[in-house]
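A note on names: the letters A, B, ... follow the listed sequences, proteins ahead of strands, and every chain is numbered from 1. All values reported here derive from a predicted model rather than from experimental measurement.
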There are 2 protein chains.
Amino acid sequence: MAALPSGVLGALDPTSDRAVFRQIADQLREAIDKGRFKEGAKLPSEAELTEHFGVSRMTVRNSLSILQSEGLVSSEHGRGVFVRPRPPVRRLASDRFARRHRDQGKSAFTVEAEAAGSRPEVDSLEVREERSTPEISARLGSARKVLARRRRYLMDGKPVEFATSYLPLDIARNTPIAEPNPGPGGIYARLEELGHRLEHFDEEVRARMPAPDEVKTLRLASGVPVIHLVRTAYDTEGRAVEVCDTVMAADAYVLAYQLPAT
Amino acid sequence: MAALPSGVLGALDPTSDRAVFRQIADQLREAIDKGRFKEGAKLPSEAELTEHFGVSRMTVRNSLSILQSEGLVSSEHGRGVFVRPRPPVRRLASDRFARRHRDQGKSAFTVEAEAAGSRPEVDSLEVREERSTPEISARLGSARKVLARRRRYLMDGKPVEFATSYLPLDIARNTPIAEPNPGPGGIYARLEELGHRLEHFDEEVRARMPAPDEVKTLRLASGVPVIHLVRTAYDTEGRAVEVCDTVMAADAYVLAYQLPAT
DNA sequence: TAGTGGTCTAGACCACAGC
DNA sequence: CTGTGGTCTAGACCACTAA
């Protein structure tokens with residue numbers, strides 16, 4: 001027989017208009033918010049909740065699916081439902097592409113991750129020439145074909161970000177930029193060596209729920225949105241020399257920017 | 001009797017490992033992506049899908065709930081399930097707080113919305129003195145009490161953003177900033193008149209799923225995340241003079257920033 | 001009034017985790 | 001092996017929308 005959950009859950013209000021499964025979700029949410037279930041803790045099992053509230057299993061599962069879509073809990077087959085721990089957050093500062101951060105042997109991602117005490121990793125490396133899409137063309141100019149550099153970033157084994165850089169072929173072809181490892185300082189350092197001194201970057205930030213392939217690539221728990229960031233790099237002549245399309249697990253990031261008041 | 005859905009949906013693959021409700025969701029998602037169901041179009045009813053795929057109603061509902069949590073569709077009681085139309089997007093430019101945008105009779109929000117052909121509205125106005133929270137104190141300095149200005153922004157009747165500004169009492173008390181309507185140019189114009197010439201703003205951007213009260217305030221469809229933006233304004237003496245905490249419907253915004261390359 | 005989605009029941013069998 | 005969540009059925013009654 002299933003044991004009754006501790007004492008943290010009350011009774012339903014049968015006079016309430018609020019649906020039973022919502023009332024159960026409300027109680028569990030409140031218990032989580034107030035710390036009666038801590039991060040990583042296991043919620044009562046479906047059987048226990050079923051018995052405690054005197055409802056059918058589907059009603060309980062319905063409640064849990066609400067909390068899951070809110071990103072509060074995640075279920076593990078055969079183990080239970082757990083309060084979702086918040087992963088360490090990567091803070092992206094507005095000066096992260098400043099030249100002074102580039103003159104090193106390692107990539108910005110590696111340096112920063114190690115400073116934070118995490119184990120950085122880059123995989124799914126792919127470099128190839130592709131037909132440009134309308135979106136990329138609109139930003140890069142009229143290049144029909146582009147060099148695409150795809151890679152995935154992980155922290156301590158957890159995927160956090162998936163990025164694709166697009167560069168005009170007339171700039172990147174037959175240069176270190178077309179190599180899997182472009183060398184110290186990354187492609188921005190190489191662009192400057194090729195005479196494209198960088199002047200500024202434009203970034204566009206959106207948030208949305210992930211598509212199924214993004215859930216897979218980033219191993220996202222349900223209830224975790226993605227931040228979609230599109231960055232365009234401009235050289236001192238005003239030419240767009242790179243577009244970087246990035247999809248990030250939203251629970252792993254905070255973006256910091258500085259705006260002028262003038 | 002329910003009519004069969006057009007011809008856009010195929011059959012299930014009984015040999016597949018993939019759960020039936022996922023297969024159904026996949027088919028519907030593909031049909032939406034390929035435009036076989038357009039924006040705002042009604043999907044086949046649950047009864048039609050039940051009959052077409054030969055499964056129980058709960059299985060069909062399970063499929064639809066996946067699409068709903070992905071933000072692809074939204075259901076309307078008594079009417080049907082519809083492909084969710086994308087609302088017009090507000091683009092927040094990085095120079096939106098530049099001084100030159102302030103010297104007008106209307107607020108930045110109003111000016112910008114009218115330029116975009118929308119009907120702007122501000123409600124839920126509340127101005128009061130409050131105890132500061134640790135988060136606010138960390139940004140504003142050690143002020144124990146602050147002036148809080150709360151308001152909700154709507155475009156064409158749809159809530160898009162909910163914001164609270166916090167200001168140190170020693171700056172804001174007994175000034176136009178403590179009035180419901182602070183006058184032309186908003187509180188930033190008033191701060192400068194009071195001798196706090198603004199130097200720059202820091203913004204922190206996060207994305208997450210909304211809490212239940214945010215769903216209510218912003219009338220969010222399920223599957224729509226929020227962008228959580230915290231802005232701190234600094235004057236030329238380096239003092240933090242305002243913290244603005246904003247929660248935005250993520251489907252209504254794109255944030256644009258400019259980063260220096262130096 | 002007919003058709004739609006919203007809620008709920010009481011079962012069933014399965015796959016996975018962990019002892 | 002037991003307990004867990006994952007999937008699925010075949011009903012039921014309700015509330016809302018629109019003709």
Exercise. Where is the tightest heavy-atom contact between A:Gly10 and A:His52, given as atom of each residue plus distance?
Worked result: O-NE2, 2.9 Å
For this session: Please test B:Glu121 against B:Lys158 for salt bridge (Lys or Arg N to Asp or Glu O under 4.0 Å), starting from the C-alpha separation and ending with a verdict.
Result: CA-CA 9 Å; B:Glu121 219 176 322; B:Lys158 180 198 182 327; over 6 Å; no
Salt-bridge criterion met for [X] and [Y] (N-O under 4.0 Å):
X: B:Arg18; Y: B:Asp13; answer: no
X: B:Glu30; Y: B:Lys34; answer: yes
X: B:Arg206; Y: A:Asp251; answer: no

Given [options], which nucleotide is nearest the side-chain atoms of [X]?
X: B:Ala47; options: C:dG6, D:dC8, C:dT4; answer: C:dT4
X: A:Phe21; options: D:dT7, D:dG5, C:dC8; answer: C:dC8
X: B:Lys42; options: C:dT4, C:dT9, C:dT7; answer: C:dT4

Exercise. Only one of A:Arg22, A:Gln23, A:Arg29 clears side-chain hydrogen bond (donor to acceptor under 3.5 Å, both in side chains) with A:Asp26; which?
Worked result: A:Arg29
For this session: Would you kindly compare B:Arg61 and A:Val55 by the position of their nearest DNA chain C nucleotide and give the one closer to the 5′ end?
Result: B:Arg61
Whole-Å distance between [N] [atom2] and [X] [atom1]?
X: B:Phe53; N: D:dC8; atom1: CZ; atom2: C1'; value: 16 Å
X: A:Gln23; N: C:dT7; atom1: CD; atom2: C1'; value: 13 Å
X: B:Gln68; N: C:dG5; atom1: CD; atom2: C1'; value: 10 Å
X: B:Leu64; N: C:dT4; atom1: CG; atom2: P; value: 13 Å
X: A:Glu46; N: C:dT9; atom1: CD; atom2: C1'; value: 15 Å
X: A:Asn62; N: C:dG5; atom1: CG; atom2: P; value: 16 Å
X: B:Arg22; N: D:dC8; atom1: CZ; atom2: P; value: 9 Å
X: A:Ile24; N: C:dT7; atom1: CD1; atom2: C1'; value: 12 Å

Problem set entry | Distance test, side-chain N/O of A:Ser45 to OP1/OP2 of D:dT4, below 4.0 Å | yes
For this session: Please check the phosphate of D:dT7 (OP1 and OP2 only) for any side-chain N or O of B:Thr59 closer than 4.0 Å.
Result: no
Exercise. Quick one: what's the B/S/- string for nucleotides 11-19 of chain D, heavy-atom cutoff under 4.0 Å, read 5' to 3'?
Worked result: -B--BBSS-
Exercise. What is the nucleic acid contact for A:Arg18, judged by heavy atoms within less than 4.0 Å: base, sugar-phosphate only, or nothing?
Worked result: nothing
For this session: Please say whether more than 12 non-hydrogen atoms of neighbouring residues, nucleotides or ligands are located less than 6.0 Å from CZ in A:Arg131.
Result: no
